[in-house]
Amino acid sequence: MRRRCAGWVNGALGTRAHRQSITISSPARGPVMTTAAIVQARSTQFQDKDLILQSLGEKTALIRVLDRCARIAGVDQVICTIPESEVETQLALEILRNGHLLSVGPDSDPLSDLTHAVEDYGVETVVLVSAASPFIDPGICAKVLELYDSASADYACNTMPALFPRGLECEVFPAVLAAEANRIAREDYAREDATLWMREHVYLQKANLRGPGGGLESLNWMVSNQAQLDQARLLFDELGEAAGEASAAELAALCLRRPDLSGEISEAAGEGNPVAHLRADIESAVASLKIAA
């Protein structure tokens, strides 16, 4: 499989004025290259290391994320990465017994884990989703993936600017950029945030799926602490197991009718979108959630 990557010339990035589109051959690694949804599950990402193994309805919060990723159109496989130090824990068992692929990376940092997963499974295109997103919308992720292909972008997301409810973040990029970021990034902060190098690189062409805004971006469906988990459980109490497959539009309509069922983003608590200050080179038309009255 081959991927056209604007600005990438023999492993180097040319100036914007001289950018050209060339074909990069991915290294042969056994099976046919794939598009994979990758979820990075490091317990150190959460205030409570067992948080993603807590229940949301009849499944754990982590499995809610992985099951939703499996429904993204255009994704061939779902891979969950964990560091080697957690290979003999309940976390690894939970991933495997629910039928998802497991990649065990080095203990060093998320960027190393991501690169390891890409190499492990011969991934060509990465759809990156947070382990703290049990309400990730497969339809929105599919639109980001479509935008990535149609715009011939190097990187696509739905957070530049962030106008979707928090917890719907999705990033798409070629595996070769993950490898390059892993080679170049040295500072701890750049390795803890696996896509920071891509988002900030001036010569990479970025595309953004524009969210509806209008106040919906203040809704917060992330689950990264106990208070957010308790809030998410309210949605399952209200909808039952249907909450596990409810679309963003359905959830937003419910939350607008019942504000008590959704938390709001607290900038003071560090819940603001980390890429809010960045803007993409290409932006789609507004992606409406088509909220029913």
Side-chain angles (χ1 to χ4, degrees), residues 36-41 43 45-80 82 89-102 127-145 158 164-170 212 216 219-264 287-293:
I38 297 183
V39 176
Q40 297 188 277
S43 61
Q45 293 175 288
F46 303 90
Q47 293 177 7
D48 175 357
K49 69 176 184 178
D50 295 322
L51 188 74
I52 54 177
L53 294 178
Q54 298 300 309
S55 64
L56 269 180
E58 297 176 0
K59 298 180 180 180
T60 63
L62 176 61
I63 298 307
R64 293 295 181 188
V65 182
L66 299 178
D67 284 355
R68 279 176 170 260
C69 285
R71 291 165 42 213
I72 300 172
V75 162
D76 303 305
Q77 56 190 19
V78 178
I79 305 167
C80 191
I82 64 171
T89 65
Q90 184 66 25
L91 179 59
L93 290 174
E94 180 71 0
I95 295 163
L96 292 172
R97 72 186 176 194
N98 280 277
H100 297 292
L101 300 177
L102 176 67
V127 179
L128 189 63
V129 172
S130 169
S133 300
F135 297 108
I136 190 73
D137 189 308
I140 291 174
C141 293
K143 288 181 180 179
V144 176
L145 182 57
N158 59 352
F164 283 99
R166 193 77 203 274
L168 300 181
E169 295 84 359
C170 172
L216 290 176
L219 296 176
N220 189 5
W221 299 328
M222 292 284 285
V223 175
S224 57
N225 57 49
Q226 187 62 47
Q228 292 173 346
L229 177 64
D230 292 341
Q231 198 72 44
R233 283 173 169 167
L234 293 179
L235 291 171
F236 275 86
D237 290 343
E238 182 69 16
L239 298 175
E241 280 302 294
E245 296 190 1
S247 68
E250 292 168 326
L251 292 173
L254 176 61
C255 290
L256 290 177
R257 293 195 303 269
R258 293 277 309 278
D260 58 303
L261 294 179
S262 177
E264 292 192 354
S288 171
L289 292 187
K290 298 180 182 177
I291 297 173

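These values consider heavy atoms only, across backbone and side chains, with no hydrogens, waters or symmetry-generated copies. Just so we're clear, the structure is a prediction, and the values are computed from it rather than from any experiment.
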Mind checking the [atom1]-[atom2] spacing from [X] to [Y]? Nearest 0.5 Å is all I need.
| X | Y | atom1 | atom2 | result |
| --- | --- | --- | --- | --- |
| Asp50 | Gln226 | CG | CD | 10.5 Å |
| Ile52 | Ile63 | CD1 | CD1 | 9.0 Å |
| Leu256 | Leu219 | CG | CG | 6.0 Å |
| Leu101 | Leu96 | CG | CG | 9.0 Å |
| Ile79 | Leu128 | CD1 | CG | 11.0 Å |

- Query: Could you walk me through whether Arg71 and Glu245 pass the side-chain contact (heavy atoms from CB on, under 4.5 Å) check?
  - Reply: CA-CA 10 Å; Arg71 291 165 42 213; Glu245 296 190 1; 3.7 Å; yes
- Message: Using the rule given for side-chain contact (heavy atoms from CB on, under 4.5 Å), can you reason through Arg233 versus Ser55, listing the C-alpha separation, both sets of side-chain angles and the distance that settles it, and then say yes or no?
- Response: CA-CA 8 Å; Arg233 283 173 169 167; Ser55 64; 3.6 Å; yes
Give a yes or no on whether the backbone of [Y] and the side-chain of [X] come within a donor-acceptor separation of less than 3.5 Å.
| X | Y | answer |
| --- | --- | --- |
| Asp137 | Ile140 | yes |
| Asp76 | Ala36 | no |
| Arg68 | Pro134 | yes |
| Gln231 | Asp260 | yes |
| Ser133 | Phe135 | no |
| Asn158 | Leu168 | yes |
| Glu238 | Leu234 | no |
| Gln54 | Leu51 | no |

With heavy-atom distances below 4.5 Å as the criterion, would you say the side chains of [X] and [Y] are in contact?
| X | Y | answer |
| --- | --- | --- |
| Leu254 | Leu239 | yes |
| Pro165 | Asn220 | no |
| Glu169 | Met222 | yes |
| Glu94 | Leu91 | no |
| Ile82 | Ile95 | yes |
| Leu56 | Leu235 | no |
| Cys170 | Val127 | yes |

- Query: Where do Val129 and Ile38 land on the side-chain contact (heavy atoms from CB on, under 4.5 Å) test, with the steps shown first?
  - Reply: CA-CA 6 Å; Val129 172; Ile38 297 183; over 6 Å; no
- Apply the test side-chain contact (heavy atoms from CB on, under 4.5 Å) to residues Leu62 and Cys80: give CA-CA distance (whole Å), side-chain angles for both, the deciding distance (0.1 Å), then the verdict. CA-CA 9 Å; Leu62 176 61; Cys80 191; 4.2 Å; yes
- Message: Glu58: which residues meet the salt bridge (charged side-chain N to carboxylate O under 4.0 Å, His left out) condition with it, sequence neighbours left out?
- Response: none
Contact summary for [X] and [Y], nearest pair of heavy atoms:
| X | Y | value |
| --- | --- | --- |
| Trp221 | Cys255 | NE1-SG, 3.7 Å |
| Val65 | Ala131 | CG2-O, 3.5 Å |
| Ala287 | Phe164 | CB-CZ, 3.9 Å |
| Ala142 | Ile72 | N-CG2, 3.9 Å |
| Cys69 | Ile136 | SG-CG2, 4.5 Å |
| Ala37 | Val75 | N-CG1, 3.7 Å |

- Do the charged groups of Glu241 and Arg64 touch, with an N to O distance under 4.0 Å? yes
